[in-house]
Amino acid sequence: VLLDQREFSESVFLGAMLGDAGMSKTNVNGNARFRIGHSINKSEYLMWKLKHLRELVEITQVGIIKGGVYEKSPNDYVYFTSRRDPYITEFYERLYIDGRKTFTEDLINRIDEIALSVLFMDDGSYDSHIDNLDYWLHFNSHEKYELEIMIKHLEKRFQIYPKIQKVNKGAGFALRFLRRDSERIDEIIRPVVSQIECMRYKLHFDNPNLSKLTYSKELPSFAKEASE
């Protein structure tokens, strides 16, 4: 199915809000807004998000915070912030339950190839061991039952079957995708991720020579909008 621009942007929005974005609402009757930021070496990815999300809401601020200020990182941090908007408020009220970002069946069941690609760019990784080809999705602040909701959707929509794994040192849970499912994940997310050069390191099966590759294959229909 070929997505139009708004549908594509809505999927980017979903993936970003489930991933690294932070949402805030200052009073009960007011509207919510979001803020997205990445280290400066991912500024291309930030601008890709900006391109698509400004199709949905007004962006009021784009800026940079010098290293050492944000999360004690030595790197500079680039970000953008939206205007408070009813569109964001509706999503905020579905995602934040008792003030905590919570995966609900309603939202998880909306995840498509685009949203999953964004989620992997935000929270995905893979084992670096040469004999291990597992992809991971990390959810440090979510409960086990929330990941069970996501597994159910991934099984039904994509026919992939991750396992829940407790992360060491009390850092929450992660979804682990074994070899067969990792190959399927790579197939799903590559058309989007490969277009953003600074995020290609998230792709497993070409490394360590990924930066030398070119991507000349015809993009599947769900990914074509990102290249426009």
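Counting begins at 1 with the first residue of the sequence.
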Would you say that Phe34 contacts Val57 through its side chain, given a criterion of any heavy-atom pair below 4.5 Å between the two side chains? yes

Is the backbone N or O of Glu197 less than 3.5 Å from a side-chain atom of Glu44, with the two atoms forming a donor-acceptor pair by type? yes

Ala174 and His138 have their tightest heavy-atom pair at CB-ND1, 3.9 Å

Is the ring pair His142/Phe139 parallel, tilted or perpendicular, if the boundaries are 30 and 60 degrees? perpendicular

Just by modelled atom types, is the Arg33 backbone N or O under 3.5 Å from a matching donor or acceptor in the Ser82 side chain? no

Applying the 4.5 Å side-chain criterion to the ILVMFWY set and letting contacts propagate, would Ile36 and Val62 be lumped into a single cluster? yes

For Met23 and Tyr96, the nearest pair of non-hydrogen atoms, with its separation, is N-OH, 3.3 Å

Heavy-atom pair of closest approach, residues Leu116 and Phe158: CD2-CE1, 4.1 Å

Holding to salt bridge (Lys or Arg N to Asp or Glu O under 4.0 Å), I want the full list of residues that pass it with Lys42, two or more places apart in sequence or in another chain. none

Determine, step by step, whether Val12 and Leu56 satisfy the side chain to side chain contact (heavy atoms under 4.5 Å, CB included) criterion, reporting the C-alpha distance in whole Å, the side-chain angles of both residues, the deciding distance to 0.1 Å, and the verdict. CA-CA 10 Å; Val12 173; Leu56 304 175; over 6 Å; no

Transitive ILVMFWY side-chain link Tyr92 to Ile97, under 4.5 Å: no

Close side-chain approach of Phe91 and Leu107, heavy atoms under 4.5 Å: yes

For the backbone of Thr81 and the side chain of Gln61, can you confirm whether one donor and one acceptor N or O come within less than 3.5 Å of each other? no

With Arg180 via salt bridge (Lys or Arg N to Asp or Glu O under 4.0 Å) - residues at least two apart: none

With a 3.5 Å distance limit and no angle check, can you tell me whether Lys144 reaches the backbone of Phe173 through a side-chain donor-acceptor pair? no

Whether over 12 other heavy atoms sit under 6.0 Å from Asn27 CG: yes

Would you say Tyr87 ends up clustered with Ile59 if hydrophobic residues are merged whenever their side chains have heavy atoms under 4.5 Å apart, either directly or through other cluster members? yes

Should Trp48 and Met121 count as side-chain neighbours, where that means a heavy-atom distance under 4.5 Å? yes

What pairs meet the salt bridge (charged side-chain N to carboxylate O under 4.0 Å, His left out) rule with one or both residues in residues 9-28, with sequence neighbours excluded? Arg6-Glu10, Lys25-Glu93

Rounded distance (nearest 0.5 Å) linking atom CD1 of Ile114 with atom CD1 of Ile188: 11.0 Å

Measure the spacing between NZ of Lys51 and CD of Glu55 and express it to the nearest 0.5 Å. 8.5 Å

Provide the full list of salt bridge (charged side-chain N to carboxylate O under 4.0 Å, His left out) pairs with a residue in residues 101-111, sequence neighbours left out, each pair given once. Arg94-Asp106, Asp106-Arg110

Rounded distance [0.5 Å steps], CG in Leu178 versus CD in Glu183: 11.5 Å

List for me each residue that meets salt bridge (Lys or Arg N to Asp or Glu O under 4.0 Å) alongside Asp122, sequence neighbours excluded, and say none if there are none. Lys49

Looking at every heavy atom in both Ser194 and Arg200, which two are closest together, and how far apart are they? O-NE, 2.6 Å

With the side chain counted from C-beta on, respond yes when Leu95 and Leu18 share a heavy-atom pair under 4.5 Å apart, and no when they do not. yes

Compare all side-chain heavy atoms of Tyr135 with those of Leu203 and state whether any distance is below 4.5 angstrom. yes

Distance, nearest 0.5 Å, that separates CG of Asp181 from CG of Leu175: 11.0 Å

Please assess Val193 against Tyr45 for the test side chain to side chain contact (heavy atoms under 4.5 Å, CB included), listing each intermediate value before the final yes or no. CA-CA 9 Å; Val193 179; Tyr45 180 41; over 6 Å; no

Taking the side chain as C-beta and beyond, is there a heavy-atom pair between Ile196 and Cys198 under 4.5 Å? yes

Pairs meeting criterion salt bridge (charged side-chain N to carboxylate O under 4.0 Å, His left out) with involvement of residues 147-161, two or more places apart: Glu113-Arg157

Point-to-point distance, once rounded to the nearest 0.5 Å, from OG of Ser117 to CD1 of Ile111: 11.0 Å

When the ring planes of Phe177 and Phe120 are compared, do they come out parallel, tilted or perpendicular, using 30° and 60° as the limits? tilted

Can Trp136 and Ile185 be said to form a side chain to side chain contact (heavy atoms under 4.5 Å, CB included), step by step? CA-CA 10 Å; Trp136 296 73; Ile185 286 288; over 6 Å; no

Please check if atom CD in Glu90 has more than 12 non-hydrogen atoms from other residues, nucleotides or ligands closer than 6.0 Å. no

Using the side chain to side chain contact (heavy atoms under 4.5 Å, CB included) rule, take Asn31 and Asp85 through it: C-alpha gap first, then chi angles, then the decisive distance, then the call. CA-CA 5 Å; Asn31 284 316; Asp85 189 282; 5.6 Å; no

Should Ile108 and Tyr161 be counted in the same cluster of Ile, Leu, Val, Met, Phe, Trp and Tyr side chains packed under 4.5 Å apart? no

Are Leu137 and Pro162 close enough that some pair of their side-chain heavy atoms sits under 4.5 Å apart? no

Of all heavy-atom pairs linking Ile64 and Tyr79, the shortest is N-CE2, 3.7 Å

Do Leu14 and Asp112 have side-chain heavy atoms sitting under 4.5 Å apart? no

Atom pair CD1 (Ile88) and CD (Glu58), whose distance is rounded to the nearest 0.5 Å: 10.0 Å

